[in-house]
Number of protein chains: 2
Amino acid sequence: MDERKQRVLQAVVQDYIESAEPVGSRTIARRHDLGVSPATIRNEMADLEMLGYLEHIHTSSGRIPSSKGYRFYVDGLMQPMRLTDEEKAQIDLWYRARVKRIEEVFQETARLISHVTKNVALVLAPQMKKSAFRCLQFLPLDDRRSVAVLMTDAGFIENRIVAMPSGASFEDFQRMARVVNDCLTGCTLDAIPKAAYRKIRSEISDEDLYEAALDVINRALDDTDGRERLYLGGTREMLSQPEFRDVERVKEILLMLEEEQLLKEILSAHLGDGLRVTIGQENDYKGIQDCSIVTATYHLDGELLGTIAVLGPTRMEYGKAMSLLGYMNEHLSDVVRRLGWQG
Amino acid sequence: MDERKQRVLQAVVQDYIESAEPVGSRTIARRHDLGVSPATIRNEMADLEMLGYLEHIHTSSGRIPSSKGYRFYVDGLMQPMRLTDEEKAQIDLWYRARVKRIEEVFQETARLISHVTKNVALVLAPQMKKSAFRCLQFLPLDDRRSVAVLMTDAGFIENRIVAMPSGASFEDFQRMARVVNDCLTGCTLDAIPKAAYRKIRSEISDEDLYEAALDVINRALDDTDGRERLYLGGTREMLSQPEFRDVERVKEILLMLEEEQLLKEILSAHLGDGLRVTIGQENDYKGIQDCSIVTATYHLDGELLGTIAVLGPTRMEYGKAMSLLGYMNEHLSDVVRRLGWQG
DNA sequence: GTTAGCACTCAGGGGCGTCGAGTGCTAACC
DNA sequence: GGTTAGCACTCGACGCCCCTGAGTGCTAAC
């Protein structure tokens, strides 16, 4: 693929991303200074199509990029689009604001991403089980139940209603909490050493109480439990994309966006190092093979914490999405660090 | 308005609700046994239009009900549609399931309502400030901040990150929590007696600590704070309504549904006794004058707790929405009672 | 008061010609 | 041999027309 072909491909992709219309040879000749006539560009485009980088709806409609075409563009031709100062300012402003609850950080991150990219944003918060236990307390609910409040180092707080074994009093629960606090402080939740369990076991003589303690810990770990972990933003912004002009398509994608489990799987599949782009048919899941996903993972001290992503039509401003995710990434890692995530 | 007119009006409304197409005299003659010819029905329809119950897009299109027509229908003609046993079973099943967190109850209620009615469901949870204080605890976050966990009698739990005044230790905070717990137990949060404040004041000697205590209480009361209180469901179901065939309309309504404050105001305006229907132009807010809202409030011992609502096109199955809300209402009141709301 | 009959209206759909954007091919050009 | 101009061809979009079907309103007859 010689340089001129690359320039033509670049021109086609850029114009198509901008206009959402198939682009023709004359348009390119007019808008990009390639120094050749439309006829030559036509020839190049025919070649590019033969090579699989462009597609043709019908004879006489302009070309649109194929997944392969986008891939080549993203990997080599694209120039990363810098965020404007205004956009940066807007983001910085928000992150400097006082955070009231940790969930807000993720929700707002999703909102900001979708706002800037006009696409759906997905934010997968750090998994609770990856974080370090900080403390457990119980609040009394009624005579049979109490509420367990579990906090981890990242400032995550989980509530669970737990039934108290008959015969156990609230004081027993508080005693149990003290034991658990003593034994688990500093443990990462998905890797509680056996020794810790043994210690809890030995300090809690009552069998039922021990079971209750395990129950609390296990249910706190059960991430599929609540709907907390995945934050979505921009289902409305999405509608401004011409790809979603017809309601059927919108329904389809909204349906998919409700399948939280599926989304998590998709994000997990993309879990890679840093920025990653998956384009159209590269997606395993059939329903989004006309969409692309840009994902970024945020880390702390080498430990994977979570993922943020932009999901949109293949005709997406990859450069912008990538810069933005990179930028948000830093902020998120920073926030999580400030909140005292265990490094 | 004689009986035959009423029967014609009823027929028009029912058919229109079912088909979403303007209905003509012949259709009615065919599908409802009124014992008269289409011509007569035409005459009646002309009268009904004159009286303001029906509308006409143009000559030669069938009639559609006006807001006034729907109103008459809802107030007098409609037969309340019973829920099917299957629907009831589905609902009962869910409510019998083990509730993990109180928020789930409201979220799932919204989901169920939207699923059955194919419209948007709104659930306004009991206001925290109306509930009785149960207990306050602190969890340590870092050396400058801690997390306040406040629980009320309904099982609501609120977390807030609070800054600790310099000089105060976490132990001070725990001491403060004990004082607050002693003084406020049983108080309704929006009506904390002055005496309670005085008592707290006298028991907490440290000025900064007292301020911090007030801060926690006040911020917990601040309902606009989190996004917890209003639960939405069914933005996807909504799309199956033919009224939302064009994306512009969808965008409009989605935009509105994001304005949580606005929705709360609308719901509050509809706050009435039991079931209430607001139809089309009866709505104050311009953006939903082609929509109707059915609201129901749930109480306990005469005290208003919250509101559940169905929002959809004026062409809505009022009977079904009303029965459903009534049914969900009982369940909700029941759940809240079980969770020990202070009567 | 009810109904049949008739003229009229309007939206929707199919057929048709036009226009414009675009391609592919060929022959000429440098 | 690569580049370009020219030309025939294709196809979607648009506007137009006409037809059809559903529906009304009016009038006259029952």
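We name chains A, B, ... by the order of the sequence lines, and we start the count at 1 in each one.
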Quiz item: Can you tell me if Asp2(B) uses its side chain to pair, donor with acceptor, with the backbone of Arg4(B) under 3.5 Å?
Solution: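 It does hold such a pair.
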Quiz item: Does Gln10(B) use its side chain to pair, donor to acceptor, with the backbone of Tyr73(B) at less than 3.5 Å?
Solution: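 The answer is no, because no donor-acceptor pair under 3.5 Å joins these two groups.
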Residues that [X] engages under side chain to side chain donor-acceptor pair (under 3.5 Å), provided they are two or more places apart:
X: Glu252(A); value: Arg249(A)
X: Asp246(B); value: none
X: Ser25(A); value: Arg42(A)
X: Lys251(A); value: none

Quiz item: Which dot-bracket string fits DNA chain D when only Watson-Crick or G-U wobble pairs with both atom distances under 3.5 Å count, crossing pairs get [ ], and | stands for a partner on a different strand?
Solution: ||||||||||||||||||||||||||||||
Self-check item: side-chain hydrogen bond (donor to acceptor under 3.5 Å, both in side chains) partners of residues 59-68 of chain A, not counting sequence neighbours, each pair once
Solution: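 For residues 59-68 of chain A: Glu49(A)-Arg63(A).
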Quiz item: Of all residues at least two apart in sequence or in a different chain, which pass the ring-ring contact (aromatic ring centres under 6.0 Å, His included) check with Tyr327(B)?
Solution: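 Here the qualifying residues are His331(B).
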Quiz item: Between which nucleotides of DNA chain D, read 5' to 3', does contact with chain A run, using atoms under 4.0 Å from its heavy atoms?
Solution: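 Nucleotide range in contact with chain A: dT3(D) to dG12(D).
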Exercise. Taking the side chain as every heavy atom from C-beta outward, state whether Leu263(B) and Met256(B) have any pair of such atoms under 4.5 Å apart.
Key: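 Leu263(B) reaches Met256(B) side chain to side chain.
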Quiz item: Does the side chain of Asp15(A) reach to within under 4.5 Å of the side chain of Thr27(A), using non-hydrogen atoms?
Solution: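 The answer is yes, as the side chains (C-beta and beyond) meet within the 4.5 Å cut-off.
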Quiz item: Roughly, in whole Å, what's the span from OH in Tyr16(A) to P in dG22(C)?
Solution: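 Atom OH in Tyr16(A) sits about 14 Å away from atom P in dG22(C).
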Practice problem: With sequence neighbours excluded, give me every salt bridge (charged side-chain N to carboxylate O under 4.0 Å, His left out) pair touching residues 51-62 of chain B. | Solution: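 Every candidate salt bridge (charged side-chain N to carboxylate O under 4.0 Å, His left out) pair involving residues 51-62 of chain B fails, so no pair, neighbours aside, qualifies.
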Quiz item: Tell me, which of residues 19-44 of chain A have any heavy atom that sits under 4.0 Å from an atom in DNA chain C?
Solution: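 DNA chain C contact set from residues 19-44 of chain A: Gly24(A), Ser25(A), Thr27(A), Arg42(A).
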Quiz item: What residue pairs, at least two apart or across chains, pass ring pair (Phe, Tyr, Trp, His ring centres under 6.0 Å) with a residue in residues 25-69 of chain A?
Solution: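 Counting only pairs at least two positions apart or across chains, the ring pair (Phe, Tyr, Trp, His ring centres under 6.0 Å) contacts touching residues 25-69 of chain A are Tyr53(A)-Phe72(A).
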Collect all protein-nucleotide pairs involving nucleotides 10-15 of chain C in which both atoms are nitrogen or oxygen and the distance is under 3.5 Å.
unit_1, atom_1, unit_2, atom_2, d
dC10(C), O4', Ser60(B), OG, 3.2
dC10(C), O3', His58(B), NE2, 3.3

